[in-house]
Amino acid sequence: MLVEALDRLVRYQHYFHDIHGRFTRDISRLSLPSRLASGDFEQLRRNFEISVIEVQPKRFLLLATGVNHTDRVTIDESHRLHANFVVPPPTRAYLVEEA
């Protein structure tokens, strides 16, 4: 669910950039849906803190940090994902929704 949410955040950041000409630090301005293919976005927020740690005119970097564990994931504007754990493959529900 985390990888799905980060993928959506990157796509929504690009959409925001297309409309406003810049990326945003405020994730709440991206109007993410409350329900993702893999589960509820609020459930994800209980387990991970997602923040924007870098914003430049043509670049941004998102960081997801585990609340009760040491998991950390970063993703940038080019969908380059770095994690300190083995990233699972996308769920079937997510792939069907995106197709």
Quiz item: Quick one: which of Leu2, Leu6, Val3, Leu9 gives a side chain to side chain contact (heavy atoms under 4.5 Å, CB included) with Ile75?
Solution: Leu6
Quiz item: Just wondering, are more than 12 heavy atoms of other shown residues or ligands nearer than 6.0 Å to CD in Glu54?
Solution: yes
Practice problem: State whether the side chain of His79 and the backbone N or O of Asp7 hold a donor-acceptor pair below 3.5 Å, judged by distance alone. | Solution: no
Self-check item: Any pair counted as salt bridge (Lys or Arg N to Asp or Glu O under 4.0 Å), so long as it reaches residues 21-34, sequence neighbours left out
Solution: none
Exercise. Could you tell me which residues satisfy side chain to side chain donor-acceptor pair (under 3.5 Å) with Asp76, sequence neighbours excluded, listed by chain and number?
Key: Arg80
Self-check item: Connected via hydrophobic side-chain network under 4.5 Å: Leu81 and Tyr94
Solution: no
Quiz prompt | Side chains of Phe23 and His14 in contact at under 4.5 Å (non-hydrogen atoms) | solution = yes
Quiz item: Can you check side-chain contact (heavy atoms from CB on, under 4.5 Å) on Val10 and Phe60, steps first, answer last?
Solution: CA-CA 9 Å; Val10 170; Phe60 66 86; 4.0 Å; yes
Quiz item: Looking at Asp71, Leu63, Thr65, Asn68, which one forms a side chain to side chain contact (heavy atoms under 4.5 Å, CB included) with Phe48?
Solution: Asp71
Practice problem: Sequence neighbours left out, what pairs pass side-chain hydrogen bond (donor to acceptor under 3.5 Å, both in side chains) with at least one residue falling in residues 82-93? | Solution: Ser38-Thr91
Self-check item: Minimum side-chain heavy-atom gap Val73-Phe85 below 4.5 Å
Solution: yes
Quiz prompt | pair Val52-Gln13: side-chain heavy atoms closer than 4.5 Å | solution = yes
Practice problem: Rounded to the nearest 0.5 Å, what's the gap from CD on Gln56 to CG on Leu61? Could you check? | Solution: 10.0 Å
Practice problem: Taking all heavy atoms of Ala5 and all of Leu44, pick out the closest pair and write down the distance. | Solution: CB-CD2, 3.2 Å
Quiz item: If Ile, Leu, Val, Met, Phe, Trp and Tyr residues are connected whenever their side-chain heavy atoms lie under 4.5 Å apart, and connections chain through other members, are Leu95 and Val87 in the same group?
Solution: no
